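Values below: all heavy atoms of this structure, side chains included; hydrogens, waters and symmetry mates excluded. It should be emphasised that the depicted structure is a prediction, and the values quoted were computed from it without experimental measurement.
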Amino acid sequence: MKIVRFSHQGTTSYGLLEGSSIAVLSGSPFEKIEKTGKVVPLDAVRVLAPVAPSKLVCVGLNYTLHAEESGVPVPEEPMLFMCAPSAIIADGEQIQLDNADDRIDFEAEIGIVVGRRARNVAASDAGDYIFGYTCANDVSNRVLQKKDGQFTRAKSFDTYKPVGPVIETDLDPDNVDIKLWQNGELRQSSNTNDMIFPIARILEFVSGIMTLEPGDLIITGTPSGVGPMASGDEIVIEIEKIGRLHSRVA
């Protein structure tokens, strides 16, 4: 199923994307998936980011080739950092660069959407706690990242986390293609099978540190090929079986 979050006639709802229509759901899909019987055209709504998480957890250096291009050793365990959930924007919204001089990079990533409260979850049980997966762009100011020695400021500016357009609930997250185009040119092209730490291990590791709540988002690292953006750029991220996330850079 492809789950969307949208605004229609002043009301925010979740729904099932069914072609060019949305079957509106009753309440939160993290509690149960129940159709109201109402259907609205996709072009009549404003599609929102598919999650509004209490926590946005990020994993760094989780692809072998990206670690190599960064000139750093492969980590022994997942490298975590936190970003502000307020940085999240929806498909089609603009990335607003925090300044015109620093190098600010794109990073295509697959995101884990947590489906139920999770604490100390074993990797073997991770699937029971994952609701689905989405596309994300971990926009990063490299100058501030190097200056600070940690990542929160460099990656938490408003608009620095495009997410969407949907949550795909039926997916093998450890074997899907992940691509990014900049102005129509392919910049990143990989598969999640290059991940150092697979999805289940990430969920196990994070839930061993903090309690995860329904709707929380974990973005899981980017493959090789990251690069800088400039005002006017169009960035498109595609993850197999999820869809395409579109952003313009302002």
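No hydrogens or angles considered: a donor-acceptor pair under 3.5 Å links the side chains of Tyr160 and Asp98. Side-chain atoms of Ser140 and Asp105 form no donor-acceptor pair, as typed in the model, at a separation below 3.5 Å. A side-chain donor from one of Thr222 and Gln188 sits under 3.5 Å from a side-chain acceptor of the other.
For Thr192 (side chain) and Val176 (main-chain N/O), a donor-acceptor pair under 3.5 Å exists by modelled atom type. In this structure, Asp174 contributes its side chain and Ile199 its backbone to a donor-acceptor pair below 3.5 Å. Listed for the Asn141 side chain is no donor-acceptor partner under 3.5 Å among the backbone atoms of Ile104. Although no hydrogens or angles enter the test, the distance criterion places no donor-acceptor pair under 3.5 Å between the side chain of Glu109 and the main chain of Ala136. The main-chain N or O of Phe197 is found under 3.5 Å from a side-chain atom of Asn62 such that the two form a donor-acceptor pair. A distance-only check finds no donor-acceptor pair linking the side chain of Arg119 to the backbone of Leu212 [under 3.5 Å].
For the residue pair Val39 and Ser21, the shortest heavy atom distance occurs at CG1-CB, 3.7 Å.
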Should Glu168 and Lys241 be marked as a salt bridge (charged side-chain N to carboxylate O under 4.0 Å, His left out) after you check the CA-CA gap, both sets of side-chain angles, and the distance that decides it?
CA-CA 8 Å; Glu168 172 57 62; Lys241 298 181 181 178; over 6 Å; no
Start with the C-alpha distance between Arg187 and Glu107, add both sets of side-chain angles, then the distance that settles salt bridge (charged side-chain N to carboxylate O under 4.0 Å, His left out), and finish with yes or no.
CA-CA 10 Å; Arg187 299 298 191 189; Glu107 295 187 10; over 6 Å; no
Which is it for Gln150 and Thr152 under the side-chain hydrogen bond (donor to acceptor under 3.5 Å, both in side chains) test, yes or no, and what are the steps along the way?
CA-CA 6 Å; Gln150 52 86 24; Thr152 300; 3.2 Å; yes
Intermediate values then yes/no, side-chain hydrogen bond (donor to acceptor under 3.5 Å, both in side chains), Asp233 and Gln182
CA-CA 7 Å; Asp233 282 355; Gln182 182 181 33; 2.8 Å; yes
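Note that CD1 of Ile95 and OG of Ser247 are 4.0 Å apart. Values are rounded to the nearest 0.5 Å. A distance of 9.5 Å separates CG of Asp172 from CD of Glu240, quoted to the nearest 0.5 Å. The CD atom of Glu238 lies 7.5 Å from the NZ atom of Lys179; values are rounded to the nearest 0.5 Å. Going from atom OH of Tyr63 over to atom CG of Asn193 covers 9.0 Å, rounded to the nearest 0.5 Å. Of the inter-residue distances, the one linking Lys155 atom NZ with Asp148 atom CG reads 12.0 Å to the nearest 0.5 angstrom. Note: Ile196 CD1 to Thr64 OG1 = 4.5 Å, rounded to the nearest 0.5 Å.
For the pair Met82 and Lys55, the minimum side-chain heavy-atom distance is below 4.5 Å. Residues Cys58 and Leu80 fail the side-chain proximity criterion, which asks for heavy atoms closer than 4.5 Å. A heavy-atom distance below 4.5 Å is not found between the side chains of Asp102 and Arg142. Taking 4.5 Å as the limit, some side-chain heavy atom of Pro223 sits within range of a side-chain heavy atom of Ile178. For the pair Tyr133 and Ile167, the minimum side-chain heavy-atom distance is 4.5 Å or more.
Cluster membership check: Val51 does not share its hydrophobic cluster with Ile22, using side-chain heavy-atom separations under 4.5 Å among Ile, Leu, Val, Met, Phe, Trp and Tyr.
The 12-atom threshold is not exceeded at CZ of Arg117, counting heavy atoms of other residues, nucleotides or ligands nearer than 6.0 Å.
Salt bridge status for Asp138 with Lys161: present, with a side-chain N to carboxylate O gap under 4.0 Å.
Paired with Met1 under the rule side-chain contact (heavy atoms from CB on, under 4.5 Å), one option of Thr169, Val166, Asp170 passes, and it is Thr169.
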